[in-house]
Amino acid sequence: MGNLVAVTGGRTELTPPGVRVTGCRSALLLTRVLRHTGEADVIAASRHLQDLLDGTEHPYDSLLARHLDHHRPAYLRVTLDLGADPAERALPGSELLGRPHSPALLERLFAAGRYHLLSSSGHHPPRLTGLWTGDWDTAWSGAFTTNANLNLQTAAAPAAALPEVTEALAAFVTRQLPHWRANARAIFGTRGAVAPSHSDGESGLTYHFSREYPLHLWTAGADWLLKPLVDHDEIRGEHDPRTAAALAEAALFYEDFLTRTDADGHLVVVPSYSPENRPANGSWGALNAAMDLSAARHTLLTAARYHPEHAGRWRALARRLPPHRINSDGALAEWAWPGLHENHDHRHLSHLYGVWPLEEITPYDTPRLAAAAHRALRLRGTENDSAHGHLHHALIAARLGDGDRAGRALRRILDGDFFHASLMSAHYPHRDVYNADAAHTLPGVLVETLIQSTPDRLVLLPAVPDACPRGELRGIRTRFGAEVDLAWRPDGARAVVRPGRTRRVELRTSSGTESLELVAGEDRVLTLRAR
C-alpha cells in the first residue's frame with residue numbers, strides 16, 4: 001500500500017505516522033493498494049506520481065483524463081431524465097442528499113450507480129464494498145455474498161447496458177467452476193456444480209459451515225449467479241459457451257441430487273435452505289424451500305435450451321418437482337413442505353425468487369401464484385432495515401405491478417440517509433457499514449419499474465413509483481434484442497423500439513395487451529395513452 005498527498009501551494013511536513021498540510025489551495029490524497037507488489041509495480045507507480053507532481057496540470061484533471069475515453073461511452077449508453085430543476089442538477093451530491101425528494105437526486109443516483117458499478121467491475125464483479133473498502137476492517141471481509149448481495153448488484157447490468165459487468169461475472173463464474181464441482185462432490189456426493197454463499201474472490205470452495213447459518217446446504221446459488229448471464233445471452237441472441245458449460249454442470253448436479261420423492265411422487269429437495277431464514281417451527285435445514293424449487297426448475301429448463309441433446313431428460317426431471325404451496329394466509333409459502341410455518345420479519349425475500357429475477361411467477365401467466373406472491377410480499381417485514389432488503393422488495397413489487405409498494409421501498413432508501421457524499425452507499429440507515437448494495441441496485445429498481453422484458457414480451461410502465469411521475473429513459477436493452485427509449489408523463493407515454501432482430505413479441509401496457517411485429521433495423525414508435 002502506498003499513499004501520496006499532492007498539494008498546490010502551502011507547506012507539507014511529515015509528522016509520523018502522518019503528514020501535516022497547512023496553507024494549501026488544494027490537496028489530493030492518493031492511496032494505492034496492490035494485491036501483488038513487485039519492483040516493477042513500485043517503479044511504475046513512483047514515476048506516475050512524480051509526473052503528477054512535476055506537471056503543470058492539476059493532478060485531478062490528469063487522473064480524470066485517463067478515464068474519460070474508457071468510461072464515457074459506457075456511461076452514456078443509458079440515461080435517465082426526470083425533468084429535474086436545472087438549478088438542483090447543478091448542486092454537488094452532498095447538497096442533493098439533503099433533498100431526498102428531489103428528482104435531481106434520483107437522476108444523480110441512477111447515473112452514479114451505473115458509474116460505480118462499471119468502475120468496480122473488471123477482473124471481478126463488485127464486492128460487498130464495490131472496488132473500495134470504506135474502512136480498514138470491512139464488514140463480512142468486504143468479500144462476495146452470493147445469496148443476495150452480488151446478485152442484486154449485478155442484476156441491472158444486462159438491461160442497463162453494462163456488458164462489462166456481465167463479462168466480469170462470467171469470468172468470475174468460469175474461474176470458480178472447478179471449485180463448484182468440488183463442492184458438489186464433497187458435500188452432496190454428486191456430479192455437477194454447487195456455488196458457495198460466500199467467496200473471497202480467489203476460491204469458490206464452500207468454507208462456511210455453521211449450525212445457525214448452514215450456508216453449505218444452499219443449492220440455488222449457481223442458478224442465481226447465472227441468471228444475468230442468461231439475460232445477457234438473450235439480449236445478444238447467442239449462447240456464450242461459458243454460460244452453457246456452467247448451466248450443464250448445474251443441471252448435472254440436480255440429476256444426482258434430486259433422488260427423494262414424496263407420497264405424491266414429486267421430487268423432494270432435501271436438505272433445503274432459504275437464505276438466510278428458517279421456519280418458525282423448524283430447523284435451518286428444511287425441505288422444499290421455494291427458492292430451491294424455483295432454481296432447480298429454472299436451471300433444468302434453461303440448460304435444456306442451451307443443450308438440446310439433453311433436453312428430454314432435464315425437462316422430464318423439472319416436471320417432477322412439486323408446485324409451490326399457498327399457505328393459510330393466502331401467501332406463497334417460503335417452504336412448500338406442509339406443516340412448516342412462516343417467519344415473516346426477515347430482510348431476505350428468497351421465497352419470491354420465482355417472481356424476481358425469474359419469470360416463473362407473473363401476473364400475466366400465473367395470476368393465482370402472483371396474487372399469493374403479492375400477499376407474501378405484503379406480509380414481509382424489514383427486520384434490520386438492510387438496504388438490500390428494501391431494494392429487493394422494490395424489485396419484486398415492480399414485477400408484480402405494484403408501483404405504490406415499489407415506491408415506498410425506494411423511499412425508505414432515499415429517506416434513510418443511506419448514501420455518502422461520494423454517492424456510494426451503506427448497508428444500514430444513517431450511513432452505517434460501508435456497502436455497495438444500494439448504490440449498485442438502485443438503477444435496476446428504476447429500470448424494472450419502467451421497462452421489463454422477456455424473450456417474447458415487453459412491459460412498459462408496469463409500476464411507476466410516485467417519485468417518477470414523468471421522465472425519459474433511453475437506451476434500455478431488451479431480452480428480445482431491441483433497444484427502447486421511453487418518455488412518459490401522467491397523461492401518456494411514447495416509446496421508440498429499435499429491434500436488432502425480427503420477431504413478434506407481446507406488448508403489455510396499462511391499456512391492455514397487443515402483438516408487436518418487429519423487423520430488424522426498423523424503428524417502431526408506440527404512443528400510449530393514460531388509462
Side-chain angles (χ1 to χ4, degrees), residues 155 159 220 223 227 231 234 264 266 274 288-298 300-302 315 318-338 342 344 349-380 392-409 445 447-465 478-480 493 504-516 526 528-531:
D223 188 71
K227 180 62 167 69
D231 290 353
E234 290 168 347
D264 297 322
H266 289 124
S274 188
N288 286 356
M291 183 177 197
D292 285 343
L293 296 179
S294 294
R297 254 190 294 269
H298 184 256
L300 291 165
L301 296 176
T302 307
R315 287 173 180 155
R319 286 194 294 270
R320 295 177 57 204
L321 286 161
H324 288 292
R325 181 171 68 92
I326 298 176
N327 64 25
S328 59
D329 291 322
L332 188 81
E334 190 154 359
W335 297 271
W337 193 262
E342 308 299 308
H344 291 301
L349 295 107
S350 306
H351 57 319
L352 300 179
Y353 180 66
V355 179
W356 186 92
L358 306 187
E359 298 87 25
E360 179 190 28
I361 300 171
T362 76
Y364 322 113
D365 305 316
T366 58
R368 179 171 173 270
L369 280 177
H374 200 184
R375 174 67 173 156
L377 188 65
R378 293 198 303 272
L379 291 172
R380 201 65 163 189
H392 198 172
H393 195 111
L395 287 161
I396 294 167
R399 285 286 176 91
L400 294 171
D402 188 341
D404 290 341
R405 182 164 292 275
R408 285 197 298 273
V445 169
V447 170
E448 285 282 346
T449 64
L450 300 169
I451 300 174
Q452 298 171 12
S453 72
T454 71
D456 55 11
R457 176 179 290 146
L458 173 64
V459 187
L460 296 179
L461 302 173
V464 182
T478 67
R479 288 162 55 199
F480 51 84
R504 175 187 300 165
V505 299
E506 176 186 272
L507 173 65
R508 290 264 181 176
T509 69
S510 61
S511 301
T513 307
E514 62 181 274
S515 180
L516 194 61
L526 309 174
L528 314 175
R529 309 232 174 255
R531 185 170 54 182

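It should be emphasised that the depicted structure is a prediction, and the values quoted were computed from it without experimental measurement. Nothing fancy with the numbering, it's 1 onward along the sequence.
When every heavy atom of L293 is checked against every heavy atom of P323, the shortest pair comes out as CD1-O, 4.2 Å. Summarising the geometry of A398 relative to A406, their closest heavy-atom pair is N-CB, 4.3 Å, with the distance given to 0.1 Å. For the pair P367 and P363, the tightest heavy-atom approach, listed with the atom from each and the gap, is CB-O, 3.8 Å.
Residues forming a ring pair (Phe, Tyr, Trp, His ring centres under 6.0 Å) with Y353 (at least two apart in sequence, or on another chain): W224. Considering only residues two or more places apart in sequence or on other chains, R479 meets the salt bridge (charged side-chain N to carboxylate O under 4.0 Å, His left out) condition with D231, E234, E359. For the salt bridge (charged side-chain N to carboxylate O under 4.0 Å, His left out) test, residues two or more places apart in sequence or in another chain that qualify with D365 are R457. By the salt bridge (charged side-chain N to carboxylate O under 4.0 Å, His left out) test, R368 is found to be paired with no residue, residues two or more places apart in sequence or in another chain being considered. Scored by the salt bridge (charged side-chain N to carboxylate O under 4.0 Å, His left out) test, R325 finds no partners at all (sequence neighbours excluded).
Proximity of I451 to L460: side-chain heavy atoms (C-beta onward) are separated by under 4.5 Å at one or more points. At a threshold of 4.5 Å between non-hydrogen side-chain atoms, the residues E448 and P462 do not count as touching. Looking at heavy atoms from C-beta onward, L461 lies out of side-chain contact with T509 at the 4.5 angstrom threshold. The side-chain heavy atoms of Q452 and R508, taken from C-beta on, include no pair separated by under 4.5 Å.
Put simply, CD1 on I361 and CG on L369 are 5.0 Å apart, with the number rounded to the nearest 0.5 Å. One distance of note links CE of M291 with CG of D223; it measures 8.0 Å at 0.5 Å rounding. Remark: D404 CG to R408 CZ distance equals 6.0 Å, nearest 0.5 Å. Taking CD1 from I396 and CG from L352, the interatomic distance works out to 4.5 Å, rounded to the nearest 0.5 Å. Separation of atoms NE2 (H351) and CH2 (W335) is listed at 8.0 Å; rounding is to 0.5 Å. To the nearest 0.5 Å, the span separating CG on L358 from OG1 on T454 amounts to 12.5 Å.
Within the structure, every pair that satisfies the salt bridge (charged side-chain N to carboxylate O under 4.0 Å, His left out) test and touches residues 329-338, not counting sequence neighbours, is listed here: E334-R380.
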- prompt: Between T513 and Y364, does a side chain to side chain contact (heavy atoms under 4.5 Å, CB included) hold up when you go through it step by step?
  reply: CA-CA 10 Å; T513 307; Y364 322 113; over 6 Å; no

message: Walk me through whether R315 and L301 qualify under side chain to side chain contact (heavy atoms under 4.5 Å, CB included).
response: CA-CA 6 Å; R315 287 173 180 155; L301 296 176; 3.8 Å; yes

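For the residue pair E360/H324, the side-chain donor-acceptor check at 3.5 Å is satisfied.
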